[in-house]
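Single-structure report; data block below.
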Amino acid sequence: ALAPPKISSSAIHQQSLGYGELRQLNTWADSDSYEPITYRMNRLLEGFQPLDISQAQPVGSLMNPNRLIVPSIGIDAPVQALQILDKGNTREYESPNNVVGHIPESANPGEAGSTWFFAHLESPTIGEGSLFFNLPLIPSLLSQGESIHIIAENNLQQYLYLVTSTEIIRETDIKLYNAGWASIHLVTCVPRLAYDHRLIVTGELIGLKDKD
């Protein structure tokens, strides 16, 4: 067998890893993260029981969410309820800090109402994360006929939603609403560097499974 080529110590730091860049540090604790995204996506979608919208529970009856997953675009993030801040003459929700923020006045996942989640596209100046950086990929994936799923979970259950639509509106035009049926809405700022519009990704409840 041929001897491997010699690399000087001064050149080692310049070498490519060969299979792309290192993944984020949290992948070291998750063996699935080393698999192709389609494999991991299929794993995450296994075991859900079909659930009709009419089977959703009354608003206020289920547990608060603590995790949000969008397998096809690599989103897997903790969820935290956003608090309302008093700004003197106005009140507004706090900015999510390295978490996906859930509007606690909206429905919880699995309930017969609209559940709302916010996260940054990116926040280079205030360092509050970029958990929804890949969210703008969804409109293009939908136009190609792909099915996009969202998993919202609490301590006991996971609820599966199928993305049905997306829209982009001006920041000043966004209003939270209750659609009156089991829906989910993911919101982030667009476009990059301007952030004066909002992308809203909407889905409907289609499945349920108990956590292991």
Listed partners of [X] passing side chain to side chain contact (heavy atoms under 4.5 Å, CB included), at least two apart:
X	result
Asn134	Ile73, Leu137
Asn155	Met63, Asn66
Ala77	Val100, Leu131

(request) Provide the full list of side-chain hydrogen bond (donor to acceptor under 3.5 Å, both in side chains) pairs with a residue in residues 107-118, sequence neighbours left out, each pair given once. (result) Asn64-Asn108, His102-Thr115, Ser114-Ser183, Ser114-His185

(request) Write out all pairs satisfying side-chain hydrogen bond (donor to acceptor under 3.5 Å, both in side chains) with one or both partners inside residues 48-58, taking only residues at least two apart or from two chains. (result) Asp52-Ser54

Do [X] and [Y] touch side chain to side chain, with heavy atoms closer than 4.5 Å?
X	Y	value
His120	Ser95	yes
Phe117	Pro109	yes
Pro96	Leu82	yes
Leu45	Ile151	yes
Leu199	Leu121	no

(request) Indicate, with yes or no, if Tyr93 and Leu186 share a hydrophobic cluster defined by side-chain heavy-atom contacts under 4.5 Å among Ile, Leu, Val, Met, Phe, Trp and Tyr. (result) no

(message) Starting from Leu162, can I reach Trp181 by hopping between I/L/V/M/F/W/Y residues whose side chains sit under 4.5 Å apart?
(response) no

Which residue pairs pass the salt bridge (charged side-chain N to carboxylate O under 4.0 Å, His left out) test with at least one member in [range], sequence neighbours excluded?
range	answer
residues 178-200	Glu122-Arg192, Glu171-Arg198
residues 99-110	none
residues 178-188	none
residues 143-153	Arg67-Glu153, Glu153-Lys211

(request) For residues 121-170, pull every pair meeting ring-ring contact (aromatic ring centres under 6.0 Å, His included), keeping only residues two or more places apart or in separate chains. (result) none

(request) Tell me, with the steps shown, if Ile103 and Val187 meet side-chain contact (heavy atoms from CB on, under 4.5 Å). (result) CA-CA 11 Å; Ile103 302 299; Val187 184; over 6 Å; no

(request) List, by chain and number, the other hydrophobic cluster members for Ile126, where Ile, Leu, Val, Met, Phe, Trp and Tyr join if side-chain heavy atoms come within less than 4.5 Å, directly or indirectly. (result) none

(request) Kindly give the cluster partners of Val59, where membership spreads through any ILVMFWY side chain lying under 4.5 Å from a current member. (result) none

